[in-house]
Structure formats: structure tokens, C-alpha cells
Amino acid sequence: MTLYAEVIVPLPLEKTFYYIVPEGFKEKIKIGSKVLVSFRHRLLTGFIVKLHWKNPAGNYQLKEITELLDDKPVFTSTFLTYTQKLAAYFYSSWGNLLQASIPPSLTVKSRKRVFVTGKAGEGINMASLSNYEKKILSLLQKKSYMESYLKGKLKVRDLGVHLQRLEKKGLIFRKEEVQRKKRNKDKFDIPSAGQLEIDFSQDKKSIQAAGRLTKSLGKQAFSRFLLYGSTEKREGVYFYLIKHCLALKKRILFLVPEIVFTEDLIQKVKKRFTGNTAILHSRLSEKKRELAWKTIKDGAAEVVIGTRSAILSPVENVGLVIIDEEQDDSYYQKQNPAYDARIGAWFKAEQEGALLVFGSAFPSVEARFRAGEQGYLINLEKISSPGQVEIVDEGKERRLVSDSLYKRIKLRLARKEQVLAFSGRRGYSAFLTCSRCSYIPRCKHCDISLTYHKKREELVCHYCNYTIKYMNVCPKCGSKVVQKKGIGVEVIGEEFKKKFPKKRVAVFHPDEAGNKRRQEDILSLYKDGKIDILVGTSMLAHRFDLPPASLVVIFYPEITLALSDYKAAQKTFLSISQMLSHLKKDKDSRAVIKTAMPNNFSIKMAASGDYHAFYEQEIQYRKIMNYPPFSCMAEIVFQDENLRVLAEKSRQFAAKVKKKGNIEVLGPALAPVARVRGRNRIQVILKAKGKEEIDSVLKSALSKSRIKKSVYIYE
DNA sequence: AGCACGCCGACT
DNA sequence: GTCGGCGTGCTC
């Protein structure tokens with residue numbers, strides 16, 4: 001009897017495809033197996049999602065599966081169900097999500113390489129060749145290239161037709177190459193379990209919380225909690241829970257934000273769990289990632305700790321899922337495949353009957369609201385105030401460094417104390433503008449002004465890296481005066497260098513390409529007390545391994561408020577709170593916030609460390625405006641080079657949705673960044689009571705429009 | 001996504 | 001006629 005396999009491929013296609021299972025694989029092939037299939041002239045890694053004894057495809061001519069790639073299936077059927085649900089939730093492709101769930105080195109793909117034949121070397125009748133054919137041949141004279149490379153190099157969409165013609169003329173030939181990394185057969189040793197030391201303070205609230213959570217854990221049925229408290233308190237509870245979970249012979253999945261995943265944290269975890277721990281984060285080498293994944297797959301890892309993608313790791317028998325710093329944006333992956341690790345954690349915990357713990361010192365108002373409503377908020381303590389914070393009104397003091405601030409800094413430095421300065425500006429530098437005609441150099445491909453990098457003497461686009469040389473003459477009016485504006489960290493750093501020329505001033509911006517190493521060096525210099533003033537963005541504020549300073553200066557945190565984003569207040573509150581958390585906790589220490597919006601509530605509440613007051617006001621605002629958590633929003637961004645087509649398609653989409661009723665449609669409107677890499681962007685925002693309403697219309701409204709689009713879900 | 005097919009204007 | 005740009009349908 002013939003066995004038929006239903007296969008999902010890692011392409012943005014909803015469909016599954018049927019193949020015939022060759023005799024040789026019949027015994028070994030299972031649901032969840034990874035296979036190599038021929039799919040329209042190319043070879044792809046696919047995954048078996050179902051097996052059939054009857055031909056499910058009708059009289060369609062089926063192909064055979066080319067190869068079974070492993071002895072044992074890579075996915076369990078529960079994992080398949082889980083990822084399918086997660087992908088559907090975020091309108092992303094299941095196949096892509098499955099591919100993202102295994103180390104890239106374990107997948108296979110075919111590519112086509114193009115060679116010239118001997119005939120091409122002899123005198124060919126050049127006249128008989130088309131422009132493109134000539135170009136292709138001259139490129140290939142030296143060596144062979146991949147089709148994809150040639151396509152990028154020559155910028156032709158239909159490279160295939162030209163290659164076909166050349167092939168017919170006998171001048172080139174193509175060879176399919178299967179890219180397969182070496183299988184990693186080497187054994188990994190399973191270290192013995194270490195002693196788990198609990199530095200659980202004898203704190204009444206923590207004990208209560210731990211008790212309540214442990215009870216839930218013991219039930220081995222899905223339940224969830226929001227743990228509100230400082231990092232130290234939360235950690236105490238986490239480690240207590242982990243110990244109990246291990247005693248139940250259940251696994252733990254512990255997620256942390258991307259940015260805090262530093263060597264420090266890894267060392268800390270390693271120290272606590274000498275063995276049976278797998279660590280997963282984006283900076284792992286291919287080899288290490290594969291090893292960690294295998295440790296988990298084999299069931300050797302008892303604790304899996306990692307960033308958002310760890311939610312796609314093959315952990316089984318999970319009793320506890322922790323998402324620390326619940327409010328962090330990095331849990332939401334917005335690009336192929338899109339998914340939110342927090343929702344993933346929920347699905348996972350539900351499926352496993354596990355205890356789900358969200359933790360934060362500054363929970364998102366959405367999470368805080370739901371937890372309060374549904375009675376699963378656990379309050380560890382009143383978070384202590386950040387200390388003495390002074391707000392300086394930009395309107396009253398225009399200079400970046402005022403006399404009083406200068407004196408303050410001087411005093412600290414004289415006492416051999418360090419100063420931390422933060423800029424609210426997300427980018428790290430300034431842009432240029434002509435003082436006569438106000439011309440601003442902008443990116444050729446993106447709707448954004450170019451950022452000025454003083455050291456490199458260059459103007460760079462933040463979105464596409466388009467770079468031009470620094471100009472001291474305005475290209476529009478020829479005026480010699482071109483001055484920089486804006487208050488990025490570089491400008492702040494320079495200002496400090498000017499005011500304190502004998503002091504060691506450093507600027508931290510790790511998002512600059514190829515600079516990670518040096519940035520880490522800056523941090524360790526600061527840690528060793530070899531830097532007097534350290535300037536950074538909210539990125540720096542995320543680094544909990546930063547030693548606290550006795551003077552913290554925050555410049556213009558209101559910049560995040562200018563974002564057209566319903567979460568702007570929350571983001572501002574959060575970033576200021578994180579910056580202030582680096583203030584030393586003693587009477588003597590001071591923080592200064594320089595702002596043009598001294599009366600803004602998110603700035604004021606962050607300065608006084610009053611999360612509760614912030615929450616109360618923000619949740620009122622969300623309610624009045626009918627924003628999440630009181631509604632579900634879907635943001636759809638359409639992208640195309642042709643603005644006319646783009647506008648037309650997005651209007652059609654909006655009209656389609658409007659017809660269905662009970663959904664509020666905002667837009668179409670230009671996206672905040674209206675052009676990126678030459679592509680225009682138009683967005684439509686849908687607002688509905690719940691996600692079900694969105695789901696009931698969105699899929700059909702998006703179907704078969706060829707235009708590029710991304711969907712983001714907020715609730 | 002990536003590719004082939006086929007249509008069509010434009011160039012020789 | 002044939003080159004090459006563009007829209008569209010399909011992939012087991």
C-alpha cells in the first residue's frame with residue numbers, strides 16, 4: 001500500500017502539499033519528521049504534518065519525498081499543534097515558524113549555480129547576444145556564481161529567461177547544489193546537577209507569594225500570575241519555584257528580554273544551576289545553538305533559559321514558564337515569522353498544564369489591568385522610590401548643561417564618583433541643517449533625515465545604511481553654514497568633553513554595526529571606574545549589570561512621547577524608570593531630568609517612582625480612548641514601490657473591512673516612516689472589541705492581494 | 001517566496 | 001521579429 005505524506009514547507013503559504021513516501025522510508029517516517037522535498041524546481045526542507053493511507057490529493061500527479069533527513073522526528077505532534085496555533089494568531093506562516101524552531105544548520109535548501117561551457121570561451125558571435133546575455137557571460141568568465149547572486153548583481157527580476165536562452169545556445173549550464181551543513185554527531189556531555197542555593201530572604205510577602213505560586217504549581221494544571229516587584233524579590237521567588245518544579249520532575253522555561261541577556265546573567269544562571277541548563281539567545285554561534293537545541297530535544301536540559309526564540313525550543317514536560325520583564329518589547333518578533341513570546345508562553349503553559357508567571361517591576365498596563373480584573377496579581381512589595389529626582393524645565397533653562405548641573409557634576413567628579421547620563425533620543429546622533437535655507441539632508445530611499453556621525457564624517461540612514469560624506473556646504477543654496485541639530489548621545493558626550501576636558505567621557509551605543517566589542521569594553525572600563533562620565537540611550541539603561549551612580553542625568557525623555565503610538569506614555573514611563581534604577585540608593589545621590597515637558601504625568605510619575613499613580617491615570621486614558629486592554633488593535637502595514645498602487649490597494653482593503661461592520665477602521669494613512677529602502681508604506685489600523693472580531697474579517701480581507709504587508713496585533 | 005508563462009509596448 | 005518589463009497563477 002502506498003503511504004502519502006502531508007508536508008508543510010517553510011514558505012509563506014497556508015497550504016500543505018502531498019507527497020508519496022518511498023518504500024525505504026515507510027517504517028521510519030513519522031508525523032513531525034523533517035524531509036527533503038522537490039518543490040517546483042527546487043529542493044526544500046519540509047515537515048510531515050500528517051500521514052495518509054488513502055490518496056488525499058485526487059488524481060493530482062504526486063512526487064516522491066526525496067529524502068528523510070533524520071532517524072527520529074524533529075517535532076512532536078503537540079509541538080505542531082502549538083506552533084500552528086501561534087502562527088495563526090499572528091497571521092504568520094506556520095512553515096516559517098517551524099523552520100525558526102530548529103537551528104538553521106539542521107535545514108537543507110537547494111540553490112542553482114551557473115557555469116559557462118567551453119563553447120563560451122571561443123569566439124562567440126557577440127552580436128547575437130542580448131544586453132543581459134552579454135553581461136551575464138562576462139560575469140561568468142572568471143568564475144561561476146549562484147543564481148541569486150547574479151540576480152542581485154544585475155538587478156533583473158526575470159533572470160531565469162535570460163539564463164534559459166543562454167542555456168539553449170549552449171553557452172552556460174546550471175547545476176543544483178544542495179546546501180547541507182555537516183551533521184553534528186559529536187556527543188555533548190551532560191553535566192551533573194549542581195546545588196541550587198536559594199538566597200530567599202525571609203521576607204513575608206515573598207514567602208506568601210511563593211506559597212501561593214507553589215500551590216498552583218503543585219496542581220499541575222494551567223494557571224497564571226503576574227508577579228509585581230523588584231528584580232531581587234522576583235528572582236528570589238523564581239528560584240524558589242524552579243526548585244519546587246524540579247522536585248516535581250518537570251522542566252522550566254525561563255524567558256528574559258533580548259537586551260538583558262548578557263554574560264553576567266549567563267554566569268549567574270550557570271552558578272546557580274551547574275548542570276542541566278540550556279541557554280538560548282540570539283548571539284550564540286551556530287555550533288552552540290545546535291548543541292543547546294539538541295540538549296533540549298534529548299530531554300537532558302531541565303531548565304531552558306533564553307530570549308524570545310526559546311519559546312520555540314523543543315522543551316517537553318514543562319511545569320513552569322517564566323516571562324521576566326513582561327513589558328519588554330523584544331518579546332514581540334515583528335518579522336518573519338511574527339510572534340509574541342508572551343502569547344507563545346501562554347499557549348505553551350496551557351498545553352502543558354503549567355504554571356505561567358509574568359514578572360515585572362513596571363508591568364505593562366495591559367497585563368496589570370487583566371491581572372487585577374481576573375485576580376492573579378501578586379504584589380511583592382511597594383517598589384521603593386528611585387531617590388531624589390529633580391525635574392528641570394527646558395523652557396527655563398535652555399542650555400544643555402546649566403551652571404547648577406555643571407557644579408553638580410564637578411562635585412561628583414571631584415569626589416571620584418561616576419556620572420551616568422541618558423538621552424531619550426533613540427538614535428545616537430544629530431542631523432544637519434542649513435541655517436539659511438533650512439535644507440536637511442535626507443535618505444534617498446527612506447523618508448527620514450540622515451544621521452550625522454562626527455567620527456566617521458558621514459551622514460548615515462538609520463533604516464537602510466545609505467551613507468554620504470559629510471558636507472559643510474549646503475547643496476541647495478551653497479551657503480557655507482551647515483549646522484547640526486538634535487540631542488543625540490554623541491552631542492551630549494561632546495558637550496561633556498568640552499565642559500570637562502580632563503575627565504574621561506565615553507558614549508555607549510551598541511546598535512552601531514561592528515562595534516559590539518568596543519562597546520562592551522567601554523562598559524567594563526566604566527565598571528572598573530576608568531570612565532568618569534558615561535553617556536547612553538535607553539539601551540544602556542537596560543543593562544542591569546551597570547554599577548549604580550550617585551548622579552544620573554536624563555536628557556529629554558519626552559522624545560518617546562512624540563511617537564504616534566498609544567503606548568507612548570508607557571514607553572516613556574518605563575524608560576525613565578529604568579534609567580533611574582541606576583541611581584545609587586542613598587540619601588546623597590541625585591537624579592536630574594532635563595525636559596521640555598516637566599508637567600507630563602508619565603515623566604512626573606516616573607520621577608517620583610509612583611507606578612500605581614501612573615497606572616491609574618494611564619488605564620483611564622486607555623479606557624476613554626478605547627485602546628488596549630479595552631480593545632484589540634491590528635496594525636496592517638502595506639508596502640510597495642508604487643505609491644499609486646499602494647494607495648489603491650490599501651483603500652480597497654479598508655473598504656472591505658468596513659463593510660463587515662463592528663470594526664473601527666483608522667486610515668489608510670502614511671505610516672510614521674512613510675518610505676523605507678525605496679518602498680512606500682501605508683498603514684491601516686483596525687480596532688475591535690476583541691481579537692475574534694479582527695480574526696473574523698482580517699484573513700479574508702487580506703487574501704490574494706499580492707502587495708507586501710505585515711500585521712501587528714496589540715491587545 | 002520564487003519562478004515560469006504570457007501579454008504587450010518599443011525598438012531595429 | 002525579439003527584448004525585456006510587468007501582472008498573474010502555481011507550487012504536491
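Computed over heavy atoms, backbone and side chain alike; hydrogens, waters and symmetry mates excluded.
OP1 or OP2 of C:dC12 lies within a sub-4.0 Å distance of a side-chain N or O belonging to A:Tyr19. OP1 or OP2 of C:dT11 has at least one side-chain nitrogen or oxygen of A:Tyr60 nearer than 4.0 Å. One finds no side-chain N or O of A:His41 lying less than 4.0 angstrom from the OP1 or OP2 phosphate oxygen of B:dA4.
Computed from coordinates, the A:Ile8 CD1 to B:dA1 P distance equals 14 Å when rounded to whole Å. Rounded to whole Å, atom C1' of B:dG2 lies 17 Å from atom NE2 of A:His162. Distance CD1 (A:Ile707) to P (B:dA1): 13 Å, rounded to an integer number of Å. As rounded to whole Å, 13 Å separates atom C1' of C:dG9 from atom CZ of A:Phe39. Atom P of nucleotide C:dC12 and atom NZ of A:Lys15 are separated by 10 Å, given to the nearest angstrom. The nearest whole Å value for the distance from the OH atom in A:Tyr149 to the P atom in B:dG2 is 18 Å. Computed from coordinates, the A:Arg40 CZ to C:dT8 P distance equals 16 Å when rounded to whole Å. Put simply, NZ on A:Lys708 is 17 Å from P on C:dT8, counting in whole angstrom units.
No more than 12 heavy atoms of other residues, nucleotides or ligands lie within 6.0 Å of CD in A:Glu14, so this atom counts as exposed by the packing criterion.
A:Ile20 comes within 4.0 angstrom of nothing in the nucleic acid, heavy atoms only. As judged by a 4.0 angstrom heavy-atom cut-off over every strand, A:Ser93 is placed among residues making no nucleic acid contact. When heavy atoms are screened at a 4.0 angstrom cut-off, A:Lys112 is found touching no nucleic acid atom at all.
Donor-acceptor pairing under 3.5 Å is lacking for the side chains of A:Gln333 and A:Gln335.
The residues A:Lys85 and A:Glu350 are annotated as salt-bridged, a charged nitrogen and a carboxylate oxygen being separated by less than 4.0 angstrom.
Put simply, the side chain of A:Arg706 and the base of C:dG9 share a donor and an acceptor less than 3.5 Å apart. Not a single donor-acceptor contact under 3.5 angstrom links the side-chain atoms of A:Asp158 to the base of B:dC3.
Note on ring orientation: taking the six-membered ring where Trp is involved, the planes of A:Tyr18 and A:His52 are perpendicular (angle over 60°, cut-offs 30° and 60°).
Minimum atom distance to the side chain of A:Arg157 is reached by B:dC5, of the listed C:dG5, B:dC5, C:dG4. Listed nucleotides B:dC3, C:dG4, B:dA1 differ in distance to A:Lys151; the shortest reach to its side chain belongs to B:dC3. Between B:dA1, C:dG5, C:dC3, one nucleotide has an atom nearer to the side chain of A:Arg42 than all others, and that is B:dA1. For A:Leu62, counting side-chain heavy atoms from C-beta on, the closest listed nucleotide (C:dC12, B:dC5, B:dA1) is C:dC12.
A:Val697 and A:Val657 make their closest contact through CG2-CG1, 4.1 Å (heavy atoms, listed as atom of the first residue, atom of the second, distance).
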